Amino acid sequence: LSSLITEALGAGWTVDLERLRGLESFADDPEFRARFAEVKAANKRRLGRLLAARDEPGIDDGHLLDVMIKRLHEYKRQTLKVLHIVSTYDGIVSGRLPIEQVQPRTFLFGAKAAPGYAMAKRIIHLINAVGEVVNTDPRVEGRLKVLYPANYNVTLAETIIPAADLSEQISLAGKEASGTGNMKLALNGALTIGTLDGANIEIKDRVGDDNIIIFGMTTQEVA
């Protein structure tokens with residue numbers, strides 16, 4: 001992605017991020033968009049190879065990569081994302097949600113829990129249990145997959161973040177739980193979906209309301 005941006009804007013953007021505004025003129029350029037899409041696809045394939053080398057499930061071609069990474073904490077609301085997965089899965093298997101209307105999607109979680117944080121460990125167990133059901137059910141094969149790679153760390157993040165299509169930043173507003181991770185994901189071309197909290201606010205100011213998905217209560221409403 002950096003090479004593509006440098007080709008479009010010159011090398012100066014790496015020390016002056018304001019120059020990234022120059023990419024706006026390429027937003028409707030079919031060739032640039034196609035090359036950007038290929039960068040994303042190549043980064044997903046690279047992530048898939050890394051996961052395969054770790055004996056973990058890979059990422060299906062054509063899947064949207066829906067990413068929720070960083071630390072595991074109740075205020076980050078990984079449980080809310082799990083409910084989204086469960087409701088989508090239930091909609092398909094019950095027949096309420098036609099499978100052809102479901103965007104093929106891989107949900108990828110990455111996080112560690114503090115040693116004594118019992119609830120966080122139960123949430124990790126829950127995510128893996130949901131993944132075991134979803135990933136082995138032929139009724140949703142090719143449409144839904146849930147991944148929780150072991151031993152999440154910065155090295156793994158360096159491969160996950162460039163591959164991400166969606167950045168989940170859904171902490172309860174007021175917790176300031178969305179900090180640098182969402183900036184890294186945004187700079188790597190992921191669309192942010194999140195609450196009006198933390199750095200999400202700054203990203204919204206930069207990318208504009210049409211290029212971020214904000215939902216949920218405001219800090220004032222939470223209070």
Side-chain angles (χ1 to χ4, degrees), residues 17 20 63-94 96-97 101-114 116-131 133-134 140 143-148 152 157 160-161 163-223:
L17 287 182
L20 287 176
H63 271 220
L64 193 73
L65 186 58
D66 190 341
V67 169
M68 191 169 191
I69 55 175
K70 299 283 282 191
R71 64 183 57 80
L72 198 300
H73 204 295
E74 288 167 274
Y75 65 61
K76 280 189 174 293
R77 300 201 292 192
Q78 280 93 350
T79 45
L80 184 61
K81 190 61 193 173
V82 173
L83 286 171
H84 173 219
I85 297 169
V86 171
S87 64
T88 303
Y89 170 80
D90 183 64
I92 294 171
V93 299
S94 69
R96 289 184 291 103
L97 181 60
Q101 294 181 12
V102 177
Q103 166 70 40
R105 184 183 306 223
T106 293
F107 304 94
L108 190 149
F109 294 85
K112 288 181 178 175
Y117 195 170
M119 180 58 76
K121 295 180 186 299
R122 294 181 70 180
I123 293 169
I124 292 172
H125 185 201
L126 171 65
I127 295 168
N128 280 284
V130 169
V133 171
V134 171
V140 297
R143 291 286 171 170
L144 300 180
K145 183 180 279 189
V146 181
L147 304 182
Y148 199 128
Y152 174 78
I160 293 172
I161 290 171
D165 294 306
L166 277 181
S167 168
E168 299 284 351
Q169 306 294 335
I170 56 178
S171 59
L172 187 68
K175 293 294 185 182
E176 295 291 328
S178 301
T180 58
N182 55 355
M183 295 180 193
K184 295 183 182 84
L185 284 153
L187 281 168
N188 278 274
L191 180 67
T192 301
I193 175 167
T195 48
L196 204 55
D197 185 50
N200 291 347
I201 299 169
E202 297 165 87
I203 292 172
K204 175 176 171 292
D205 290 342
R206 291 289 181 171
V207 304
D209 293 354
D210 291 339
N211 298 306
I212 187 169
I213 300 168
I214 297 292
F215 80 102
M217 292 188 288
T218 64
T219 304
Q220 292 76 16
E221 288 169 335
V222 170

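One is the number of the first residue; the rest follow in order along the sequence. Computed from a prediction, not measured in an experiment: that's the story for all the values here.
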**Request:** Find the distance between CD (Gln101) and CD1 (Ile92) and round it off to the nearest 0.5 Å.
**Result:** 10.5 Å

**Request:** With the side chain counted from C-beta on, respond yes when Lys175 and Thr195 share a heavy-atom pair under 4.5 Å apart, and no when they do not.
**Result:** no

**Message:** Exactly one of Val134, Val102, Thr88 should register a side chain to side chain contact (heavy atoms under 4.5 Å, CB included) with Val140. Which one does?
**Reply:** Val134

**Asked** Taking side chain as C-beta onward, heavy atoms only, is Glu168 less than 4.5 Å from Phe109?
**Response** no

**Prompt:** Does the side chain of Leu72 reach to within under 4.5 Å of the side chain of Tyr152, using non-hydrogen atoms?
**Reply:** no

**pair Arg206-Asn211: side-chain heavy atoms closer than 4.5 Å** = no

**Message:** By the definition side-chain hydrogen bond (donor to acceptor under 3.5 Å, both in side chains), identify the one residue from Lys145, Gln103, Lys81 that meets it with Asp66.
**Reply:** Lys81

**Message:** Which residue is it: Asn182, Asp197, Asn200? I am looking for the one with a side-chain hydrogen bond (donor to acceptor under 3.5 Å, both in side chains) to Ser171.
**Reply:** Asp197

**Prompt:** With distance as the sole test, does Asp90 use its side chain to make a donor-acceptor pair with the main-chain N or O of Val86 at under 3.5 Å?
**Reply:** no

**Request:** Could you walk me through whether Gln169 and Leu185 pass the side chain to side chain contact (heavy atoms under 4.5 Å, CB included) test, one step at a time?
**Result:** CA-CA 10 Å; Gln169 306 294 335; Leu185 284 153; 3.6 Å; yes

**Request:** Taking the side chain as every heavy atom from C-beta outward, state whether Leu196 and Lys204 have any atom pair closer than 4.5 Å.
**Result:** yes

**Request:** Kindly determine whether Ile127 and Ile85 satisfy side chain to side chain contact (heavy atoms under 4.5 Å, CB included), including the steps that lead there.
**Result:** CA-CA 10 Å; Ile127 295 168; Ile85 297 169; over 6 Å; no

**Message:** One pair to check against side chain to side chain contact (heavy atoms under 4.5 Å, CB included): Val130 and Tyr89. What are the steps and the verdict?
**Reply:** CA-CA 10 Å; Val130 169; Tyr89 170 80; over 6 Å; no

**Steps toward side chain to side chain contact (heavy atoms under 4.5 Å, CB included) verdict (Leu166, Leu64)** = CA-CA 8 Å; Leu166 277 181; Leu64 193 73; 3.8 Å; yes

**Message:** Side chains of Leu172 and Arg77, heavy atoms from C-beta outward: is any pair under 4.5 Å?
**Reply:** yes

**Asked** How about Met68 and Ile170: do any of their side-chain heavy atoms sit closer than 4.5 Å?
**Response** yes

**Request:** Please name the pair of heavy atoms, one in Ala164 and one in Val67, separated by the smallest distance, quoted to 0.1 Å.
**Result:** CB-CG2, 3.6 Å

**Asked** Less than 4.5 Å apart, any side-chain heavy atom of Val146 and any of Val82?
**Response** no

